[in-house]
Asker: 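Sending over a structure as structure tokens; questions will come in a sec.
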Amino acid sequence: MFITFEGIEGCGKSTQAELLRKHLVQQGHAVLVTLEPGGSRLGAELRRMLLSLDSIDLTREAELFLYLADRAQHVQKVIRPALQSGRIVISDRFTHSTLAYQGYGREMGLDILQQMNSVDVNGILPDLTFLLDLSPETGLRRALSRNMEKNIPSSEGRFEAEALDFHTRVRQGYLELATLEQDRIVVLDAGADPETVFEEIRKKVDQAMKVDKNVLTSQSTKVK
Ligand code: TYD
């Protein structure tokens with residue numbers, strides 16, 4: 001099973017990914033938590049370039065190709081092998097980030113981005129995507145205080161520095177994607193406390209795992 005978390009800055013994706021990892025490990029599953037950008041060795045280099053404020057003044061096209069390069073390497077070297085070895089993979093951001101940030105945020109064409117994403121992932125698509133929905137005002141406030149707490153230099157915050165209307169477009173974009181992909185994307189109110197948000201996630205995942213198990217069992221019964 002492949003699960004992704006999406007949302008604007010400060011929505012709590014990494015906290016929820018970690019809570020889910022613990023829950024699944026407790027149930028005896030092997031789990032890999034990973035992230036974009038930065039989930040592969042190449043990705044770690046790309047992440048530095050992409051998130052640094054004082055890096056080269058990237059054009060939106062150059063930025064797009066770096067995210068896509070990060071994802072291609074991530075899928076082929078990390079995600080696919082982990083899924084093949086039977087692990088559950090949880091990724092903090094995936095293809096929907098490109099649609100929301102480059103498509104809606106940077107206002108690049110969605111059709112072409114969908115096509116590029118599909119070449120990029122080569123058939124690997126999330127079974128479930130959690131969209132942690134939050135107002136950009138709250139998200140940015142949380143992201144900035146997180147950066148200060150962790151002593152992350154302001155140069156790490158290229159996206160946090162974008163204007164509020166950029167983040168508003170990204171949020172709207174995510175919500176539109178959720179209406180287009182209702183079978184995959186679950187929208188949650190990330191303004192609620194983390195335990196309440198996680199309870200929703202846990203229920204959904206447990207339910208999806210049950211369905212998955214039943215399908216596998218009925219397939220093996222048929223084979224017998
Ligand atoms: P990160 O520090 O990981 O932010 P967060 O903790 O909010 O996930 O930064 C990732 C940034 O990269 C985030 O602002 C979204 C952006 N991004 C894109 O613009 N396009 C993409 O395809 C991906 C994967 C991320």
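Residues take their numbers from the sequence shown, with the count starting at 1.
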Asker: Report the residues that fulfil ring-ring contact (aromatic ring centres under 6.0 Å, His included) with Tyr104, sequence neighbours left out, ordered by chain and then residue number.
Answerer: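 If we apply the ring-ring contact (aromatic ring centres under 6.0 Å, His included) test to Tyr104, skipping adjacent residues, there are no hits.
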Asker: Closer than 3.5 angstrom, by distance alone: can the side chain of Arg80 be matched with the main-chain N or O of Asn122 as a donor-acceptor pair?
Answerer: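 Indeed, once roles are kept as given, a pair shorter than 3.5 Å links the two residues.
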Asker: To the closest 0.5 Å, what do you measure between CD1 (Ile79) and OG1 (Thr4)?
Answerer: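 Reported to 0.5 Å precision, the distance equals 9.0 Å.
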Asker: Report yes or no: does Arg93 contribute a side-chain atom to a donor-acceptor pair with the main-chain N or O of Pro37 at less than 3.5 Å?
Answerer: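 Looks like no, no N/O pair under 3.5 Å.
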Asker: Indicate, with yes or no, if Leu19 and Val33 share a hydrophobic cluster defined by side-chain heavy-atom contacts under 4.5 Å among Ile, Leu, Val, Met, Phe, Trp and Tyr.
Answerer: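 Yes; Leu19 is reachable from Val33 via cluster members.
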Asker: Hey, does Glu199 have a side-chain heavy atom less than 4.5 Å from the side chain of Glu195?
Answerer: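 Glu195 does not reach Glu199 side chain to side chain.
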Asker: How long is the gap from CG on Asp189 to SG on Cys11, to the nearest 0.5 Å?
Answerer: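 Answer rounded to 0.5 Å: 11.5 Å.
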Asker: Is Leu35 reachable from Leu32 through a run of I, L, V, M, F, W or Y residues, each pair having side-chain heavy atoms under 4.5 Å apart?
Answerer: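 In one cluster: no.
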Asker: Could you work out, with salt bridge (charged side-chain N to carboxylate O under 4.0 Å, His left out) as the rule, every residue matching Glu137, not counting sequence neighbours?
Answerer: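 If we apply the salt bridge (charged side-chain N to carboxylate O under 4.0 Å, His left out) test to Glu137, skipping adjacent residues, there are no hits.
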Asker: State which residues pass side chain to side chain contact (heavy atoms under 4.5 Å, CB included) with Lys204; sequence neighbours excluded, sorted by chain then number.
Answerer: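 Checked Lys204 against side chain to side chain contact (heavy atoms under 4.5 Å, CB included); matches are Phe130, Val186, Gln207.
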Asker: What is the minimum heavy-atom distance between Leu42 and Ala69, and which atoms define it?
Answerer: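 Between these two residues, the closest heavy atoms are CD2-O, 4.2 Å.
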Asker: Is a donor on one side and an acceptor on the other found under 3.5 Å between the side chain of Ser52 and the backbone of Met49?
Answerer: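 Flag not set: sc Ser52 to bb Met49 has no pair under 3.5 Å.
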Asker: Could you check if a side-chain atom of Ile3 sits within less than 4.5 angstrom of a side-chain atom of Asp127, using non-hydrogen atoms only?
Answerer: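 Ile3 vs Asp127: side chains apart.
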Asker: Salt bridge check, Glu181 against Arg184: does any charged N sit closer than 4.0 Å to a carboxylate O?
Answerer: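 A salt bridge is present here (some side-chain N lies under 4.0 Å from a carboxylate O).
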Asker: Looking only at heavy atoms, what is the nearest atom pair of Ala100 and Leu177, with distance?
Answerer: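 Ala100 and Leu177 have their closest heavy atoms at N-CD1, 4.2 Å.
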Asker: Provide the closest heavy-atom pair for Ser40 versus Asp70 in the form atom of the first, atom of the second, distance.
Answerer: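 Closest pair (atom of Ser40, atom of Asp70, distance): OG-O, 4.5 Å.
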Asker: What's the shortest heavy-atom distance between Ala192 and Val197, and which atoms?
Answerer: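 Closest approach of Ala192 to Val197: O-CG2, 3.8 Å.
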Asker: Which heavy-atom pair separates Lys13 from Phe5 by the least distance, and what is that distance?
Answerer: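 The pair with the smallest heavy-atom distance is CD-O, 3.6 Å.
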Asker: Looking at CE of Met108 and CD1 of Ile112, how far apart are the two atoms once the value is rounded to the nearest 0.5 Å?
Answerer: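 The distance works out to 9.0 Å.
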Asker: With a 3.5 Å cut-off and no angle check, do the side chains of Asp165 and Thr168 form a donor-acceptor pair?
Answerer: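 Not at all, the side chains of Asp165 and Thr168 share no donor-acceptor pair under 3.5 Å.
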Asker: If you define the side chain from C-beta out and look only at heavy atoms, does anything of Phe94 sit under 4.5 Å from Val121?
Answerer: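 The answer is yes, as the side chains (C-beta and beyond) meet within the 4.5 Å cut-off.
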Asker: Quick one: does Arg47's side chain have a donor or acceptor within less than 3.5 Å of a partner on Glu36's backbone?
Answerer: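 Not at all, since once roles are kept as given, no pair shorter than 3.5 Å links the two residues.
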Asker: Could you see if Leu131 belongs to whatever hydrophobic cluster contains Leu99? Use Ile, Leu, Val, Met, Phe, Trp, Tyr and a side-chain cutoff under 4.5 Å.
Answerer: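 Both belong to a single hydrophobic cluster.
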Asker: Give me the other members of the hydrophobic cluster that Val119 sits in, counting Ile, Leu, Val, Met, Phe, Trp and Tyr linked by side-chain heavy atoms under 4.5 Å, directly or via other members.
Answerer: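 None, because no other hydrophobic side chain comes under 4.5 Å of this residue.
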Asker: Write down the atom of Leu113, the atom of Gln102, and the distance for their closest heavy-atom approach.
Answerer: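 The pair with the smallest heavy-atom distance is CD1-C, 3.9 Å.
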Asker: If you round to the nearest 0.5 Å, how far is CE of Met1 from CG of Leu24?
Answerer: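 Answer for the CG-CE pair, Leu24 versus Met1, is 9.0 Å.
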Asker: Report yes if some heavy atom in the side chain of Leu50 is under 4.5 Å from a heavy atom in the side chain of Leu58; otherwise report no.
Answerer: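 Yes. Closest side-chain heavy atoms under 4.5 Å.
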Asker: Would you please name every residue forming a ring-ring contact (aromatic ring centres under 6.0 Å, His included) with Tyr174, sequence neighbours left out?
Answerer: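 Tyr174 satisfies ring-ring contact (aromatic ring centres under 6.0 Å, His included) with no other residue.
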Asker: Consider only side-chain heavy atoms of I, L, V, M, F, W and Y, link residues closer than 4.5 Å, and tell whether Ile88 and Leu128 are in one cluster.
Answerer: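 In one cluster: yes.
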Asker: Please round to the nearest 0.5 Å and tell me the distance separating atom CZ of Arg106 and atom CZ of Arg169.
Answerer: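 So the CZ of Arg106 and the CZ of Arg169 are separated by 9.0 Å.
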Asker: Are Leu164 and Pro136 side-chain neighbours, meaning at least one heavy-atom pair lies under 4.5 Å?
Answerer: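 Sidechains of Pro136 and Leu164: in contact.
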Asker: Hey, quick one: are Leu125 and Val205 part of the same hydrophobic cluster, counting side-chain heavy atoms closer than 4.5 Å, chains of contacts allowed?
Answerer: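 No, Leu125 and Val205 fall in different hydrophobic clusters.
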Asker: Do you see a donor-acceptor pair shorter than 3.5 Å between the side chains of His96 and Asn117?
Answerer: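 No, no side-chain donor-acceptor contact under 3.5 Å.
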Asker: Starting at CZ of Phe2, measure out to OG1 of Thr34 and round the result to the nearest 0.5 Å.
Answerer: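 Phe2 CZ to Thr34 OG1: 8.5 Å, rounded to 0.5 Å.
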Asker: In the hydrophobic cluster built from side-chain contacts under 4.5 Å, what are the other members alongside Leu180?
Answerer: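 None; Leu180 is a cluster of one.
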Asker: In sequence, state the C-alpha distance, the side-chain angles, and the governing distance for Ser97 and Glu6, and then conclude on side chain to side chain donor-acceptor pair (under 3.5 Å).
Answerer: CA-CA 7 Å; Ser97 283; Glu6 296 281 358; 2.6 Å; yes
Asker: I'd like to check Leu64 versus Tyr101 (side-chain heavy atoms, cut-off strictly below 4.5 Å). Are they in contact?
Answerer: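 When only atoms from C-beta onward are counted, Tyr101 and Leu64 do not touch, as no gap falls below 4.5 Å.
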Asker: Does the side chain of Ile90 come within less than 4.5 Å of Val31's, by heavy atoms?
Answerer: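 A side-chain contact under 4.5 Å exists here.
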Asker: Would you say Thr98 and Arg71 are linked by a side-chain donor-acceptor pair, where the criterion is simply a distance under 3.5 Å?
Answerer: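 Distance-only check passes for Arg71 and Thr98.
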Asker: Taking C-beta and beyond as the side chain, do Ile124 and Leu83 meet within less than 4.5 Å on heavy atoms?
Answerer: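 They are in side-chain contact.
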